[in-house]
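Bear in mind the structure is a predicted one, so any value in this text is a computation, not a measurement.
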Amino acid sequence: MVIKVIITLKDGSSKEYEAPMSVIDIAADISEGLARVACAGEIDGEVVDLRTVVDKDCSLNILTANDKAGLQVVRHTASHVLAEAVKRLYPDAKLAIGPSIDTGYYYDFEHAPFSREDLDKLEAEMKKIIKEGNKLEKFTLPREEAIKFMEEKGEPYKAELIRDLPEDAVISFYSQGDFVDLCAGPHLMSTKGIKAFKLTSSSGAYWRGNSDNTMLQRIYGTAFNKKEELAEYLEYLENIKMRDHNKLGREMELFTTVDVIGQGLPLLMPKGAKMVQTMQRWIEDLEDNEWGYIRTKTPLMAKSDLYKISGHWDHYTDGMFVLGDEKVDKEVFALRPMTCPFQYYVYKATQHSYRDLPLRYGETSTLFRNEDSGEMHGLTRVRQFTISEGHLVVRPDQMVEEFKGCIALAKYCLSTLGLEDEVTYHLSKWDPENREKYIGEPEVWEETEGHIRNILVELGIPFTEDVGEAAFYGPKVDINAKNVYGKEDTMITIQWDALLAAQFDMYYIDQNGDKVRPYIIHRTSMGCYERTLAWLIEKYAGKFPTWLCPEQVRVLPISEKYEAYAAEVEKELKKNGILAETDNRSEKIGFKIREARLAKLPYMLVVGQQEEADKTVSVRSRFAGDEGVKPLGEFIDQICKEIRTKEIRKEEVKEEAKKSAKQ
């Protein structure tokens, strides 16, 4: 019986074959040139290996390295070439996993840490392997044979992966010459298909992401279809390194860390502390004077009894710093991971009627969370941090409008900081398949999630829904942003809580004289100050808007003869609330100007004989270069307006937008 297979191609045309054919053979039938550059196939929307045999009617797209999915195949094959190179140079290394990722690929090994010199040696070995051009060939084994095969090769991590598969699973491998790796594919036909690659870095990584497991060594790399594309990407990586807050923030003396103090406990240096102080004063005044918040100040720790009432003791103890042992100590305390239970008792200290609500409590809260040591990174993931925290106690009929107000406040803060266009919104929902993680009944969760969904739709805010990301007591809106490396962090959170008031016996007296449970909104207006500072460093590459700069003006006397006038200028600037310093070093003026530029200062005021005589200043700015000579009073009026309105100069926005577009 003759089997006819009809293939519908991407352009809508079709091919008919009398027998099943592999994807690579179909590509060759279409065009020998296409077959040479083919990386994979896409059958009915599913990416498959070029070796896959097509035995039924389907749609087929031949993928090349110009396609995202095709490039992923190139990178996956490059990870296998890396693994072979490691085994050649370091035979005792044990193989773990090596997937492709959005930016390239990585492979984990049990081995001593790899230096940059090691990576260079591995690159040279990879080039040899690519030049050899061994074909990648797929074969399969039954599960038990596959386990034995990997154990005989001395690869315990591969054997563990196979053991996790069903007993009746057929396990696939790919060989390239003498090297064999456990893999489902897809892969290129041979190693020669890798045209341009680079090993970019190495770091530690726990096996399967679990800190209780062995620390492995992860090598990151990337691959592209053309050398020009690789060169452009490497230039982009260099730019990222220059913007990385963990590097730039230290160079600018905004923060530092010290081993004897501990991971995740950064020290804000004077400049960084000044920036945080500026943001904190702005937020507190904004909330109190314009959004109706009232300040509280609560303890940094509490007895375990408090957290048992809230549910944190049962649901969050692993993330807390506990002081004492309940088996030994009469009283056990814990540093607070959040402020909500404390503010509930501020509310409970006074009886409230329905007329008193909403009550909006705000606090600049220092919090403590026992993050895993492997998660620590600069200012974005720390163990002690300060947050613009607030809790709104509201009547149920006020909840929707107050929730909208919290979103509006967050959007205003983001807009003022110049960050609104860089965030994504997420509706973080509970996971009904993981009931023990949450309190409350399913209908409460469905109702509250529905309210948030409706609010976001009504406000026209695009959002995604994330199952399992809710707090244990309620769903939330998470406003997230990516750092320069593409890792996403939550910057601002707004939570809907219809449950905890009952646990704390919170109530208000309604118009009928009855006790009624309020609802609670947990929210931040700007989020964590440390994380926001990191975000600002990377967003502006250290060139902050003037109102945020820890040094807004530097006065530069041409010589020591004009130091007295420079001091007058500095005094007048400071009298008007401008953060100014004078550079009185006995250096040439050109050197002082270059130093001020390297410090990314908004303004430099050069003063000499003519400026002293006319009571003027020669203005140079980061935005427009030489702005000419101006009366000191005129300059002060100009910069005070810029600071007061929190203006982001257009020249700066344009420059940063160009960089972002290029990236």
Hey, would you say the [X] and [Y] ring centroids sit under 6.0 Å apart?
X	Y	result
Tyr105	Tyr107	no
Phe321	Phe368	no
Phe224	Tyr233	yes
Tyr438	His315	no
Tyr220	Tyr106	yes

His426 side chain vs Asp466 backbone, donor-acceptor pair below 3.5 Å: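 Not a single qualifying donor-acceptor pair exists.
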* To do: Indicate the atoms forming the closest heavy-atom contact of Asn225 with Leu71, along with that distance.
  =>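 Minimum heavy-atom separation between Asn225 and Leu71: N-CD1, 4.3 Å.
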Residue pair Arg250 / Thr257: nearest heavy atoms and the distance that separates them
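So the two residues come closest at NH1-OG1, 2.9 Å.
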Got a sec: does the [atom1] of [X] have more than 12 other heavy atoms crowding it under 6.0 Å?
X	atom1	answer
Asp421	CG	no
Glu436	CD	yes
Glu16	CD	yes
Lys15	NZ	yes

Have [X] and [Y] got a donor and an acceptor in their side chains that come within less than 3.5 Å?
X	Y	answer
Asp25	Ser22	yes
Asn239	Arg243	no
Tyr174	Glu137	no
Tyr90	Asp118	yes
Glu42	Asn61	yes
Asp29	Tyr17	yes

Identify whether the distance between the nearest side-chain nitrogen and carboxylate oxygen of [X] and [Y] falls below 4.0 Å.
X	Y	value
Glu84	Arg88	yes
Arg208	Asp164	yes
Glu238	Lys241	yes
Lys476	Glu449	no
Arg453	Glu465	yes
Glu469	Lys429	no
Lys87	Glu155	yes
Lys127	Glu123	no

Spacing of [X] atom [atom1] and [Y] atom [atom2] [to the nearest 0.5 Å]:
X	Y	atom1	atom2	result
Arg143	Arg163	CZ	CZ	8.0 Å
Arg336	Thr366	CZ	OG1	6.5 Å
Asp181	His80	CG	NE2	4.5 Å
Thr140	Lys138	OG1	NZ	8.0 Å
Glu488	Asp478	CD	CG	9.5 Å
Leu9	Leu60	CG	CG	6.5 Å

Answer yes or no: is there a side-chain heavy-atom contact under 4.5 Å between Lys482 and Lys487?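 Lys482 does not reach Lys487 side chain to side chain.
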_For a 4.5 angstrom cut-off between non-hydrogen side-chain atoms, does Asn246 reach Glu538?_
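SC-SC contact between Asn246 and Glu538 ruled out.
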Please evaluate residues Lys148 and Glu144 with respect to the criterion salt bridge (charged side-chain N to carboxylate O under 4.0 Å, His left out), reporting the C-alpha separation (whole Å), side-chain torsions for both, the decisive distance (0.1 Å), and the verdict.
CA-CA 6 Å; Lys148 183 180 179 182; Glu144 292 306 313; over 6 Å; no
Can you list the steps and then say if Arg116 with Ser201 is a side-chain hydrogen bond (donor to acceptor under 3.5 Å, both in side chains)? CA-CA 8 Å; Arg116 181 65 247 182; Ser201 63; over 6 Å; no
